[in-house]
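In what follows, a single structure is set out as structure tokens and then discussed.
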Protein chains: 2
Amino acid sequence: MLSKSEENYIKEIYSLEQKFQSDVNTNLIAKKIETKASSVTDMLKKLAKKELLTYQKYKGVKLNPKGTKVALSIIRKHRLWETFLVKKLNFSWDEVHEVAEQLEHIQSDKLTNHLDAFLDFPTVDPHGEPIPNKHGNFKTTKTICLNQFQIGEKGVFVEVKNDSDTFLKFLNKNNLSIGTKIKVIEKEDFDNSMVIETNKDQFRISENVTKNLYLKR
Amino acid sequence: MLSKSEENYIKEIYSLEQKFQSDVNTNLIAKKIETKASSVTDMLKKLAKKELLTYQKYKGVKLNPKGTKVALSIIRKHRLWETFLVKKLNFSWDEVHEVAEQLEHIQSDKLTNHLDAFLDFPTVDPHGEPIPNKHGNFKTTKTICLNQFQIGEKGVFVEVKNDSDTFLKFLNKNNLSIGTKIKVIEKEDFDNSMVIETNKDQFRISENVTKNLYLKR
DNA sequence: AAATATTTTTAGGTATATCTAAAAATAATG
DNA sequence: CATTATTTTTAGATATACCTAAAAATATTT
């Protein structure tokens with residue numbers, strides 16, 4: 001049985017692997033977990049001993065199948081709980097992350113699977129991110145980052161890759177939610193900002209925003 | 001903010017206070033928490049310093065209002081989650097305790113209160129135990145322990161004061177559930193066992209069982 | 001490739017929540 | 001009421017998950 005701390009390391013390492021498509025190094029993990037590199041080293045040794053990942057001094061780590069399975073189970077729980085909070089308890093999408101961070105560590109397969117059924121086996125969470133099923137499988141719909149779009153291109157906003165309160169509140173304020181149709185009106189080469197059009201509005205957003213919005217053409 | 005361990009101490013001390021209507025001593029707590037008396041002493045000092053309880057060396061402890069409030073909040077969460085598991089996720093009453101022990105430590109007033117509303121503000125949990133409302137208030141229906149009943153007396157089984165798997169499974173096996181009408185047919189002075197009658201059956205139960213069943217006349 | 005900068009690890013320390021064993025206080029008994 | 005038994009506390013360890021500071025390895029510059 002893994003501690004909450006161990007689970008959080010596994011989860012963050014998984015998400016860094018996905019993001020960078022490579023082995024994950026100590027400092028990156030330290031930043032994500034908000035701890036010191038030395039603490040990360042300690043933990044990596046422990047997780048390596050438990051055979052959840054492969055660790056080579058100074059070379060970074062890579063989850064092995066056992067570790068990946070753990071990561072997917074935590075992500076599954078996190079996203080199911082987020083869905084529950086939004087769909088059943090009337091939370092808004094910017095309020096669910098912190099609570100789901102706690103709920104994802106509850107250990108009961110029966111609970112997870114019954115919750116899944118209760119929610120009618122959702123495939124995406126309130127942020128559009130895919131929910132692994134009980135076998136760890138999930139469908140990856142090819143979404144394109146808004147910053148890849150050209151002037152004149154249109155798409156539907158289907159996923160957000162940033163769970164932070166402030167970011168989601170910013171989206172709320174600008175009426176940007178999953179399902180919103182977006183058209184690129186202008187693209188500034190200097191700072192990669194964009195002017196986009198929704199059915200309500202036209203306004204400029206910074207690269208920091210375009211980087212976190214994913215669309216379907 | 002309290003640790004999971006601190007919360008468990010507060011919860012158990014509260015339940016011992018209710019049970020014995022007196023100050024709670026170290027060994028009793030140790031037995032409940034399944035730890036050593038020395039560990040309990042350490043924790044009591046810590047909780048006293050946090051002003052959750054009054055502790056006098058060798059004299060036992062008593063929760064003060066702040067501690068009682070914490071206890072009721074944990075009990076509230078525990079019982080709401082049990083209700084959720086049974087009513088919404090199709091758990092049976094003998095399967096909910098362990099999971100609720102984890103869920104009761106989730107920290108989010110919004111979650112607790114929205115869950116409460118989602119369940120239509122239940123006043124008792126699946127074991128018939130009262131659920132405190134958000135202010136810590138709950139109605140105590142005067143229930144009588146089955147072992148106080150005389151031969152010929154009838155009542156309705158409304159509460160069970162033992163959350164253990166084995167005990168609840170025993171009740172299931174004998175078709176004893178909340179709402180069951182019970183009549184006392186025989187009472188054995190030697191071992192305090194009873195023969196009881198339900199609408200289905202007549203059978204003998206030991207004192208260990210009668211002690212944990214609470215009825216309304 | 002030598003010097004410098006950065007990253008990572010090691011060594012040693014802290015707080016939490018446990019433990020064992022011994023000492024101290026309280027309770028029960030002859 | 002003195003002795004014995006029980007309960008509780010103290011003292012000193014242990015494991016987890018952190019930390020700081022220094023050393024070692026790796027990467028980047030000049």
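What you see below is based on every heavy atom in this structure, not just the backbone, and it leaves out hydrogens, waters and symmetry mates. So that the names make sense, note that chain A is the first sequence line, chain B the second, and so on, each numbered from 1.
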Side chain of [X] (C-beta onward), nearest among [options]:
X     : options                : value
A:N27 : D:dT20, D:dA11, C:dT8  : C:dT8
A:S39 : D:dC18, C:dT18, D:dT10 : D:dC18
B:A37 : D:dT9, C:dA11, C:dT18  : D:dT9
B:T41 : D:dT10, D:dT7, C:dT18  : D:dT10

Would you say a side-chain N or O of [X] is under 4.0 Å from OP1 or OP2 of [N]?
X     : N      : result
A:K57 : C:dT10 : yes
B:S5  : C:dT18 : yes
A:Y58 : C:dT6  : no
A:K36 : D:dT20 : yes

Flag the pair B:E188 and B:R204 as a salt bridge only when some basic side-chain nitrogen lies within less than 4.0 angstrom of an acidic carboxylate oxygen.
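B:R204 and B:E188: not salt-bridged.
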Ion pair check, B:D116 and B:R76, cut-off under 4.0 Å
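Yes, B:D116 and B:R76 are salt-bridged.
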Look at all strands and tell whether A:T26 reaches a base, only sugar-phosphate, or nothing, counting heavy atoms closer than 4.0 Å.
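Sugar-phosphate, no base atom in range.
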Tell me what B:K45 touches on the nucleic acid: a base, only sugar-phosphate, or nothing, going by heavy atoms under 4.0 Å.
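Here B:K45 touches the backbone only, sparing every base.
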B:N64 side chain to B:K66 backbone, donor-acceptor under 3.5 Å:
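At least one qualifying donor-acceptor pair exists.
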Has B:R79 got a side-chain atom pairing as donor or acceptor with B:P132's backbone, closer than 3.5 angstrom?
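No; judged by distance alone, with no hydrogens or angles, the pair does not exist.
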